[in-house]
Amino acid sequence: MIFESHAHYDDKRFDPDREELLSSMPEHGIETIINVGSDLEGVKKTLDLIQQYEYMYGAVGIHPSEISDLNEEIYEWMQEKCSLPKVVSIGEIGLDYYWEKEEEERRNQRYWFCRQMELAREQNLPVILHSRDAAEDTLKLVQGIHGEQIPGVIHCFSYSTEMAKEYIKMGYYIGIGGVVTFKNSRKLKETVAQIPLEYILLETDCPYLSPEPERGKRNSSRNLVYVAEEIARIRGISYEEVTKATRENARKLFSKVK
Ligand SMILES: [Zn+2]
């Protein structure tokens, strides 16, 4: 059974067949899915979805590119939602300097990243981190606020193996998805080969980042089979070892999951 640690089924690309697709997950070996908030609308839809599907849990948080959705009132509203039994994480939060070039806006990203990290600490919930083109600032910020006391995962990991090891030192997990199957992702394959299996989580980030051979199409948790197969191939272990270990890792991190 597979634990999907990062999906966006609230995305409008699932509007035509969401129910059909989500109902088919258990028969395709998908045991648990964490639907991850990105903007405010997405968080609200996540809260609906987790009521509808028994195997689905939610992460509440605002993505760095969507922080214009945030203010004190929304922050307090999210704070309230954290106590719902099926809200298991704060995410996705972090820094995205790829899409944001303005220094003032980047500062704003850092501010709300810190606030949401503190929310996680206060609510005793793990974080799901998004970091793109902001390796140095993300690490500095997480270390600066004693991130080692706030468990979490760096989702869709895209930095160096050395950077992965820095996070693992703080107890963080590394989220691996479709990119690892791409022929040109030599760096990520090397990371997957070198870090302990005990720190790897499976994720899709669907509808984005479909693995080979589905690359370019809409992604779904059913494609995690290809990701697990590639990790098994890289590490020279069985597919079952990969799905079993990543499931255990995810259940350790997201401890509110039943
Ligand atoms: Zn995401």
Side-chain angles (χ1 to χ4, degrees), residues 2-15 18 21-22 25 30 32-50 56-70 78 87-100 109 112-113 116-117 119-120 125-135 138 142 152-159 164 167 172-182 185 188 200-211 214-224 227 246 250 253-254 257:
I2 287 177
F3 192 119
E4 152 78 288
S5 66
H6 195 116
H8 299 284
Y9 285 107
D10 51 283
D11 193 281
K12 60 178 181 308
R13 288 176 70 185
F14 292 110
D15 285 353
R18 181 178 293 106
L21 181 66
L22 286 179
M25 287 302 163
I30 308 298
T32 307
I33 294 177
I34 297 194
N35 205 73
V36 180
S38 180
D39 58 5
L40 180 57
E41 215 32 60
V43 173
K44 288 178 180 166
K45 282 190 193 160
T46 298
L47 296 175
D48 288 340
L49 284 171
I50 60 178
M56 192 180 270
Y57 294 81
V60 161
I62 303 293
H63 185 288
S65 302
E66 309 290 345
I67 47 164
S68 56
D69 282 357
L70 267 172
M78 292 202 304
V87 169
V88 299
S89 181
I90 302 294
E92 60 189 287
I93 60 173
L95 302 176
D96 194 316
Y97 292 174
Y98 178 83
W99 292 111
E100 187 53 71
Q109 285 192 3
W112 283 112
F113 179 25
Q116 294 184 92
M117 285 293 278
L119 178 62
L125 289 175
V127 290
I128 297 174
L129 300 191
H130 169 103
S131 178
R132 191 167 181 199
D133 279 5
T138 308
V142 173
V153 53
I154 314 290
H155 114 85
C156 193
F157 188 79
S158 62
Y159 298 139
Y167 280 103
Y172 277 70
Y173 292 84
I174 306 295
I176 303 294
V179 178
V180 77
T181 67
F182 300 171
S185 70
L188 185 60
I200 295 178
L201 300 188
L202 292 182
E203 65 162 69
T204 56
D205 204 18
C206 66
Y208 311 105
L209 299 174
S210 260
E214 301 289 319
R215 193 172 178 177
K217 297 182 197 159
R218 186 187 72 174
N219 200 4
S220 91
S221 308
R222 280 155 56 166
N223 290 332
L224 281 173
V227 177
T246 52
L253 177 63
F254 301 110
V257 169

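We count residues from 1, following the sequence as given. In listed order, ligands and their atoms are each counted from 1. As the structure is a prediction and not an experimental result, all values here were calculated from the model.
Distance alone, capped at 3.5 Å, is enough to place a donor-acceptor pair between the His8 side chain and the Val36 backbone.
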How far apart are the C-alpha atoms of His63 and Asp39, what are their side-chain angles, what is the distance that settles it, and do they pass the side-chain hydrogen bond (donor to acceptor under 3.5 Å, both in side chains) test? CA-CA 6 Å; His63 185 288; Asp39 58 5; over 6 Å; no
Check against side-chain hydrogen bond (donor to acceptor under 3.5 Å, both in side chains), Asn35 and Thr46: CA-CA 6 Å; Asn35 205 73; Thr46 298; 3.0 Å; yes
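Counting only protein atoms, the N, O or S atoms lying less than 2.8 Å from the Zn ion (ligand 1) are His6 NE2, His8 NE2, Glu92 OE2, Asp205 OD1, ordered by chain and residue number.
With sequence neighbours left out, Phe14 forms a ring-ring contact (aromatic ring centres under 6.0 Å, His included) with Tyr9.
Within the 4.5 Å cutoff, the side chain of Gln116 has no heavy atoms near those of the Val127 side chain.
Within a 6.0 Å sphere centred on OH of Tyr208, heavy atoms belonging to other residues, nucleotides or ligands number 12 at most.
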